[in-house]
Structures are given as C-alpha cells and as structure tokens.
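Bear in mind that the values here come from a model prediction, so they are computed numbers and not experimental data. Below, chains carry the letters A, B, ... as their sequence lines are ordered, and counting in each starts from 1.
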2 protein chains.
Amino acid sequence: MDLNLEFSAGYHHRVLMARGLLRGAGRPPLMAGDDGPARACLVLDKGLATARPGFVEEVTGGLPELDWQRPPYLVPGGEPAKNDPSVLEDLLRHLHDAHLCRRSYVVAAGGGAVLDLVGLAAALTHRGVRLIRLSTTTLGQADSAVGVKNGVNRFGKKNFLGTFAPPWAVLCDPDWLTSLRDYDWRSGFSEAVKVALLKDPDLFETLDGQADALRERDLDRATPVLARSAELHTLHIVRGGDPFEWRTARPLDFGHWAAHKLEQMSGFRLGHGHAVAIGLAIDVTYSALAGLLSASQAERICGCLERLGFVLPHPLLSEPNPLLDGLEEFREHLGGPLTITLLRAPGEGFDATDIDPARMQDAIRQVAARASSACP
Amino acid sequence: MDLNLEFSAGYHHRVLMARGLLRGAGRPPLMAGDDGPARACLVLDKGLATARPGFVEEVTGGLPELDWQRPPYLVPGGEPAKNDPSVLEDLLRHLHDAHLCRRSYVVAAGGGAVLDLVGLAAALTHRGVRLIRLSTTTLGQADSAVGVKNGVNRFGKKNFLGTFAPPWAVLCDPDWLTSLRDYDWRSGFSEAVKVALLKDPDLFETLDGQADALRERDLDRATPVLARSAELHTLHIVRGGDPFEWRTARPLDFGHWAAHKLEQMSGFRLGHGHAVAIGLAIDVTYSALAGLLSASQAERICGCLERLGFVLPHPLLSEPNPLLDGLEEFREHLGGPLTITLLRAPGEGFDATDIDPARMQDAIRQVAARASSACP
C-alpha cells in the first residue's frame, strides 16, 4: 500500500484595531456564539496589570459574551516569560484547572513575549483552545500580535519551541499604549520600517516624514501607521502563499538574523524592536556595500531609524564574530540553505543566498561606528 | 480596522505498508531531496531495540538518503513515555543538540505512545521538523500511526498536551510485529473492528470470519486487514472534511469515551486497544438497549472482539460511577456539547448527543457480567 494524499485545512485571521475598542458600543461580534457563553480565561502581563488599573475590568466588561473562569492569571512580561520553563508549566496547570475545552477561549493580554508564551500554552492545551490576543505594545500592534506563531525560548535559543497556530482574533487598541515606557513605545516602529521597506514605499515616506512625532508619542499619527503595518504583515501571512513558513524564503524576517543573535547575546536586555532596528541597519548597510542599494538610500533608512529613537551603534557590535554566528543559527532555525532578505530600494527587497562574511563584518563595523546616541 | 481574512494551508499524508518495506529495493522515494542528504535523528522505543536486534541497522540502511546524526536515541515504550515530563524534556534537548533544522527529519520507531511523544517533540522543535513514523505495533499500523495528532499526558489526563501535525510519512512493515507480546499483537484489532463498523461492513465480515486466525497471529491474513484499517482511518482524516477536529462530531472516537477513562482508571496498565474493545462493547450494548441496534448484532460484535482475544468484563466495570465521569471528560477534551457515536448496524454509525446515564450504567453492567475470560 502506498497512499499519498493531499488535503487542506481552512483558517481565518481576524484583526481589529481601533481606539476605545472594548469601551464603546458597536464592536462587531467576535465569538462563534454556537453554544451559548463560552468559558474563558484571562491571562495578562503582570506589569500591564500594575501600569493600567482598570484594564481587567475593561477587558471582562468589553467581552461580556464570555463566561470568565477564575481570577485573571498574571505572568511575567518580556523575555523572562519565555525563558523560564516553570512559567509555561504553571500556566498550563492553570488552564487545566479551569476546565477549558477546545471551544473555550484563552484571552491573552500583553506584549509579544506574553502573547508568544500564552499562545503556546493555548495551542498545546487539548491540542488547541481558541486564543484571543489583546496586544498592548507598539511592537505587538505593528507586527508580532498579528502573526500566526507562538513560542518559548529553550536551550539558549529564542523560540526554539513553538507552533504555528492562527489566533481566533487579535484586538489592538492604541490607547493601551499610553502606559508604555518610552523605550517600549519606540520599539514597534522598526518593524513598521521593515515592512514598509519590503512592501509599501509610501509607508516608509510617512515613517520618515513623521519620525519625530512618532518618537514623541503622537497617538493620532501613530494609529494609522500601526494599522497599516499590521495590515501589511497580516496580508503577507494570509496572501503570501506560505502562512506556516514551509519554504526557505522568509521576507518578513528582513534584518532578523542579527536581531535574534543580538537579543540572545544581550541576555535579552536588548528589546526585540531595538534589535531589529540594528539588524535592519546592518542589512541595509550590507546592501549598500554590495552595490545593491544606493549609499544615500541606506543612510536615509538608518537616519529614519535613529530619529524614531533607535540607537544603532550597540556595544555588542564590537564583537563581530559571535554576531556572525547568528547567520548559521538563523539558517538552522528556518531550515534549508541560508536565505536572507536584502534591499535594492524601498519596496524592492529580494532573497539573497550568497552572503559574503567579510562584507557583513564591514557592515557591522560601519553601523558600530555611527555617531547616533540615545534620544532624549 | 477590521480585517477578517480566510486562508488555507495544504498538507500531504503519505502512508506506506508492505512486508520487508525497508529491506528490499523498489521503495518509492520519500524525501523531498531538495537540498542533498538531510540531517536525521532516529528515536526509538527502548523495548523495540532490545526485542528486535538489527532493527536500527534495518532502518538506517533502509533510509540511506538521510544523514544520520548521533547514535539512535532510546525512549521508554508505552504510556510511561507520555506520563513523565522529563522524557519529553530530555528528548527535546537531544533534538536541539543534533542541530536539526525545519527541513531535517526525526524518524520515530515504536508503538503509539512513542510516536505520540516523539511527534510532539518534533512538532515543537523549531515550530516543526519533519517526522517519519515507523509503526511497529498492530495498534499503530491499524490506526494511531496514520493519525495527524501527537500528545503527552499531563495532570492525569491522557493527551492533555499535544498538537495536530501531519507526519511527513508513515512506514508500516507487518514483519515488525513478530516480536510483539501476544497482548500487544491483539491490541490493534479493536480499532480495525471500530473503523469497520463505522465505514466498511465487509471488513467487519472479514474480521469476524478470521478472528481466530488473527488472534493466532496469522501474518498473511493480518496484513490486508491492517492495510484496510489504516486506509479507512487515513481516508477519514484527509477526506472527512475535518482533519484537525474543529467540529464536535468525532466518529473515529467510537467507543473511546469509556476507553480513555478506563485507561486512566487502570493507571495505564490496561492497553489502549484492549480499552477500546471494552468501550466498543459498552457503546454497542448501549445501542442495543436503546433499541437502535439489534441484540443479535450487538452480541455478534462483542463475540468477535472476544474471539480476537479481548477480555470484555474488566474489574473496573464494577465501578460504574467513576467510569461515567469519562463522558464529561470526553466532552471537555473534544469541546462543545457531548457527542458520541452509536450504531444502528455495521456501517451505520451516527452522532448521538442525548445520552441516558442510567441506560449507560445498564450497558456497563451487562458487559461486566459477560462470561468471557482471557484467551489462552
């Protein structure tokens, strides 16, 4: 017997973004509503609960269709949530004790790390309960919250364990960003620069033109930028033909080989968005050194990142050799031959498989030698 | 912004079954072969390695396309592999240390529990490396190895953690079954009876007519029965319209609500196939008590199971109340309202949502009172 059968599975991807999303009336229905009120657990970032009094009530009151189980469950925010196996274990036990079934909802609120952690726990429980993500960081709203992945770090490797599991829905309210520290506020705009450089030169023009206002937390200007960034990321996932990343090309990971390694080298003290800004600067500088991108375009991109509040010449860049190991780790994580994205112009990224390590070291040195310093 | 987008992901499901599958020439190509020899790790049941000297060489020699990393990794067989979190943890570390990428292969050999465990580890590593299952039990070849699930037991619940992850390929050689204990040999035929009752009355006729020969390990008669059972299970998954079990109906779980609970109540000393035989007897008896199935058909099915070597009146049936809790646990695991499969005739199963607990207790008592005893 030799059976060789193809089949497909259908998914939906739902992303809502609006100011006051859970406070006002008129929100479209979110649940399947097939079996009356569904059990739900709220899991949220401990720091968020402290920084935004009333947030829990906003969520439970704003999602009255759900039958809330037990008090909200708090997890640490940031990468520590993904580094400590006991955090995942305790969360799984909480979801078990709440007697969720596969039609129940886990509502996760926080930054990308918390959503990654809770997403994995929800994906594993009964082989997958429904996940609603409430994204409360610029980085999440601009990018990570609309992804279809989850993960935790193990054995010193970021996202070594995880699954692809499209969420039931992603809810983003830019008003939730007002309690962020400046460092975290800024963090999301490097992913917006990334996706603009790949797919929407007009968005890059907007980011470059409004960089100062965005850095200074102008919420009216930030909202459409975050929405467009989220939309571009979402469309790439659902219309790009490879939602679960079975192929080698991974354009949304532009700048990410260095970013992942820098985060790891910093012991995850360097935030993901800041690491992505540095990674973009390196790959844009490499593109210029390779004669692919004009030097003035590369400089304009680096300057835009700096005006958005990113410090590009990080001390870890003075150790080019361990950073270069990130190329191989990136290849191993994605599988197949090494493929990274380089740039010919805004809107013109392409897959490159032939990377010159000496030239990459030069690019790292150039970024390390930039005169930028922390914004006020 | 309110994005609501549908997308789909394409999968393949490959199942090969033949005697001498990895020993002879002429096996069809299995790997993608896109990048030269791919890294692979062999993970196998410790008991299998002892019981079948030469098995490792048969596998590595029979799959020369793979670039084998490190010595084969041994895991405990049976449910203990799925009960102990440290077994999963150590296996994940082994896969990490082997520097697999998402185009590498994990080759898992053993019974259903080992394939479930290794499948979960492979699905989590880098969010999914390719899994080739070598099924070495009748239960695996008849059913579980061709599934698209994996899992481990946690918090006392079977398969509480797991994912849906179609394997790259499933290889079954009935010659691998010769080293099984009699208890394990017999174990697979209850799933064949189950799928025959649901989908293929002719297969049930064959099972009933050849029950004595199958019990006595006639490999020539067993091979086509196993192949047809595997094919029916595979076709249900890939053509049944719900490969990842998002809906409530779960016809392949006929007889399984009681089976899962009995396994748990026995501390997993009762094998899955034997528990399924008892579970089928209970639901078939319930179907007769409810006037859905003729009493003679029910008796014929129970008699067939007994001649295949299953002992139906298990001591745990004298505790009907904890067993009945299995109905609610089954509902919770699957999600939505309780739905179990009942039978009107071989080939005529249907979803039932209205279960009478008192009648179910009667069915349990009737099975407990049967005169069958262990076969020689």
Report task. Determine the sole option in A:V148, A:V146, A:D143 for which the side-chain contact (heavy atoms from CB on, under 4.5 Å) test with A:T234 is passed. Result -> A:V146

For the side chain of [X] and the backbone of [Y], is there at least one donor-acceptor N/O pair under 3.5 Å apart?
X      : Y      : result
A:W168 : A:L30  : yes
A:R133 : A:G147 : yes
B:R39  : B:A98  : yes
A:Q69  : A:D67  : yes
B:Q141 : B:C172 : no

Quick one: does [X]'s side chain get under 4.5 Å of [Y]'s, heavy atoms only?
X      : Y      : value
A:R127 : B:T163 : no
B:I340 : B:F330 : yes
A:F7   : B:H13  : yes

Requested in this report: Classify the angle between the aromatic ring planes of B:F244 and A:Y11 as parallel (below 30°), tilted (30 to 60°) or perpendicular (above 60°).
Outcome: tilted

Could you tell me which of [options] has the largest number of non-hydrogen atom pairs under 4.5 Å with chain B?
options                        : answer
A:R93, A:E329, A:R154          : A:R93
A:C101, A:P166, A:G162, A:A165 : A:G162
A:K157, A:H99, A:H12           : A:H99
A:K149, A:E89, A:H96           : A:H96

Given heavy-atom pairs under 4.5 angstrom as the criterion, report whether the side chain, backbone, both or neither of [X] touches chain B.
X      : result
A:L21  : neither
A:P85  : neither
A:R239 : side chain

Query raised in the report: Could you name the residues of residues 224-232 of chain A that have a heavy atom within less than 4.5 Å of a heavy atom in chain B?
Result: A:A227, A:A230, A:E231

Query raised in the report: So which part of B:N150 gets closer than 4.5 Å to some heavy atom of chain A, the side chain, the backbone, both or neither?
Result: backbone

Report task. Using non-hydrogen atoms and a 4.5 Å limit, figure out which bit of B:A9 sits close to chain A: side chain, backbone, both or neither. Result -> both

